[in-house]
Amino acid sequence: MPELPEVETVVRHIGPLVSGRSIEGFTAHWHKVTAPETAERFAAQVTGQRIETFVRRGKFILLQLEHGWVHIHLRMTGQLLVADNGQKSNAHIRASFDLSGMRSLLFKDTRKFGRIGYLNDLAILMDKLGPEPLESSFTPHQLANMLHGSRRQVKPLLLDQSFIAGLGNIYVDEALFRARIHPATAARAISTVKAHRLHRAIQEVLTESIRLKGTTFRSFRFGADQSGEFRQSLQIFGRMGEPCPNCGTKISKIRIAQRGTHFCGRCQRKIGAHNS
DNA sequence: TCGAATGTTGCGAA
DNA sequence: TTTCGCAACATTCG
């Protein structure tokens with residue numbers, strides 16, 4: 001599903017196609033796509049404005065306008081498509097922006113969880129998000145301090161967008177496996193050495209996935225129905241029962257914080273700091 | 001046939 | 001502060 005690498009892939013693909021164009025109109029094809037705002041009010045706020053930049057923050061796609069910002073969240077099944085006017089329409093289109101130059105930006109979302117909104121001031125959104133894991137300002141030392149300040153289990157903590165922005169179920173499982181940390185470990189019990197290892201694992205797994213244009217596990221697509229290629233590089237996610245690539249032990253799948261969680265019971269021991 | 005599982009966020013409640 | 005369960009949805013799986 002769209003996590004940081006998938007959203008980054010979408011932004012890199014779509015940005016050049018729409019930046020500099022003007023929004024000439026907006027149509028909601030499903031009444032809640034702009035919730036809690038009404039589609040009419042959203043349309044009034046963005047119509048006539050030029051798209052200055054097209055960027056990502058966490059899992060949000062942000063369109064900087066002349067005045068204010070459009071934010072788009074793909075949630076689970078959202079996709080952005082650019083179509084030339086007159087092109088045949090797709091199923092599950094929930095909203096469309098009419099752009100200058102006879103071109104449209106379409107929001108496709110089978111499960112209807114995705115949302116589009118407008119903000120005058122981006123701070124309202126930014127304040128709810130933790131650090132960007134790939135920014136150089138995000139340091140191993142900082143992550144260690146953050147972990148040591150929490151009593152929560154490490155997996156739900158990493159999924160919390162106010163703790164760190166952009167990670168979802170797939171990359172949390174992958175990063176914890178690569179760092180050899182059990183997903184149910186109390187965050188404050190993670191040694192500084194392991195915290196630094198986790199920092200490296202997070203950056204490596206995200207960077208590598210962006211390079212391969214994300215993970216297509218079920219539905220993620222970008223552009224003209226293209227898939228990401230990182231799925232082949234997944235070491236633990238979706239591999240329950242398969243041998244651990246590190247030690248050969250069967251990969252386990254359990255439920256932590258209501259989320260399917262994959263790990264190796266041998267490589268990722270919950271207690272004890274002796275397994276490196 | 002049908003209930004369970006899927007996965008992200010936000011909400012209220014414990 | 002943190003955890004828990006649910007709701008928002010459609011589709012696929014067993």
Side-chain angles (χ1 to χ4, degrees), chain A residues 1-10 28-39 56-62 71-80 90-95 107-117 119 124-130 133 145-176 183-190 205-206 209 214-221 225 227-228 230-231 234 236-241 252-263:
Chain A
M1 317 303 126
E3 303 179 33
L4 188 154
E6 290 74 34
V7 177
E8 181 67 24
T9 298
V10 169
H29 305 292
W30 184 61
H31 71 287
K32 286 164 103 174
V33 71
T34 55
E37 201 69 83
T38 66
R56 179 193 62 75
R57 169 77 167 99
K59 299 176 193 173
F60 285 90
I61 296 164
L62 302 173
H71 52 94
I72 300 175
H73 200 299
L74 303 175
R75 290 284 183 97
M76 295 184 62
T77 56
Q79 297 177 38
L80 287 181
N90 284 265
H92 309 303
I93 301 298
R94 308 305 181 191
F107 181 60
K108 174 180 175 177
D109 185 24
T110 49
R111 284 184 70 175
K112 300 178 177 174
F113 284 166
R115 290 293 183 272
I116 299 175
L119 283 173
I124 293 162
L125 194 149
M126 303 295 263
D127 289 350
K128 290 191 280 191
L129 295 176
N145 282 343
M146 287 162 60
L147 291 169
H148 293 159
S150 173
R151 298 173 175 275
R152 300 170 67 184
Q153 295 180 327
V154 64
K155 168 150 180 175
L157 189 60
L158 293 174
L159 288 172
D160 184 340
Q161 301 298 298
S162 67
F163 182 80
I164 184 169
L167 298 179
N169 213 28
I170 294 174
Y171 297 105
V172 167
D173 280 7
E174 289 297 313
L176 289 172
T185 308
R188 60 166 37 184
I190 294 172
V205 75
L206 295 178
S209 184
T215 302
T216 295
F217 195 79
R218 287 194 161 76
S219 60
F220 172 70
R221 294 284 189 288
D225 222 24
S227 301
F230 191 70
R231 182 174 183 169
L234 295 177
I236 201 95
F237 189 89
R239 298 193 182 278
M240 177 179 62
S252 304
K253 184 176 181 184
I254 60 173
R255 195 155 281 269
I256 293 179
Q258 290 82 243
R259 313 298 300 280
T261 300
H262 310 74
F263 70 104

Original post:
Backbone N or O of A:G58 within a donor-acceptor pair of the A:R56 side chain at under 3.5 Å?
Top reply: yes

Rounded to whole angstrom units, what separation is found between the [atom1] atom of [X] and the [atom2] atom of [N]?
X      : N      : atom1 : atom2 : answer
A:D127 : B:dG10 : CG    : P     : 14 Å
A:Q258 : C:dC6  : CD    : P     : 9 Å
A:D160 : C:dT2  : CG    : C1'   : 10 Å
A:F163 : C:dT1  : CZ    : C1'   : 14 Å

I'd like a list of close polar pairs between nucleotides 9-12 of chain C and the protein, N/O only, cut-off under 3.5 Å.
from, atom 1, to, atom 2, distance (Å)
C:dC9, OP1, A:K32, NZ, 2.9
C:dC9, O2, A:R111, NE, 2.3
C:dC9, O2, A:R111, NH2, 2.8
C:dC9, N3, A:R111, NH2, 2.6
C:dA10, OP1, A:K112, NZ, 2.8
C:dA10, N1, A:R111, NH2, 3.2
C:dA10, N3, A:R111, NE, 3.3
C:dT11, OP1, A:H92, NE2, 3.4

Original post:
Nearest to the side chain of A:R152, which nucleotide is it out of C:dC4, C:dT3, B:dG10?
Top reply: C:dT3

Just how far is it from atom [atom1] of [X] to atom [atom2] of [Y], taken to the nearest 0.5 Å?
X      : Y     : atom1 : atom2 : result
A:Q161 : A:R57 : CD    : CZ    : 9.5 Å
A:F60  : A:L74 : CZ    : CG    : 10.5 Å
A:H71  : A:I61 : NE2   : CD1   : 12.0 Å

Original post:
For DNA chain C, which ranges pair as stems of 3 or more consecutive Watson-Crick or G-U pairs, with both donor-acceptor distances under 3.5 Å?
Top reply: B:2-6 with C:10-14, B:8-14 with C:2-8

**OP:** Taking atom P in both C:dC9 and B:dT1, compute the distance separating them and give it to the nearest angstrom.
**Re:** 27 Å

Hey, are the side chains of [X] and [Y] touching, using non-hydrogen atoms and a 4.5 Å cut-off?
X      : Y      : result
A:I93  : A:W30  : no
A:K155 : A:N169 : yes
A:F230 : A:P5   : no

**OP:** Please report the shortest heavy-atom distance between A:R94 and A:D109, naming the atom on each side.
**Re:**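 Closest pair (atom of A:R94, atom of A:D109, distance): NE-O, 2.8 Å.
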
**OP:** Kindly say if A:Q161 contacts the phosphate of B:dT9, meaning a side-chain N or O under 4.0 Å from OP1 or OP2.
**Re:**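 Yes, A:Q161 has a side-chain N/O under 4.0 Å of OP1/OP2 on B:dT9.
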
Original post:
Reckon A:K59 has a side-chain N or O less than 4.0 Å from the OP1 or OP2 of B:dT9?
Top reply: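 Yes, A:K59 has a side-chain N/O under 4.0 Å of OP1/OP2 on B:dT9.
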
Original post:
Is A:R188 atom CZ crowded by more than 12 heavy atoms from other residues, nucleotides or ligands, each under 6.0 Å away?
Top reply: yes

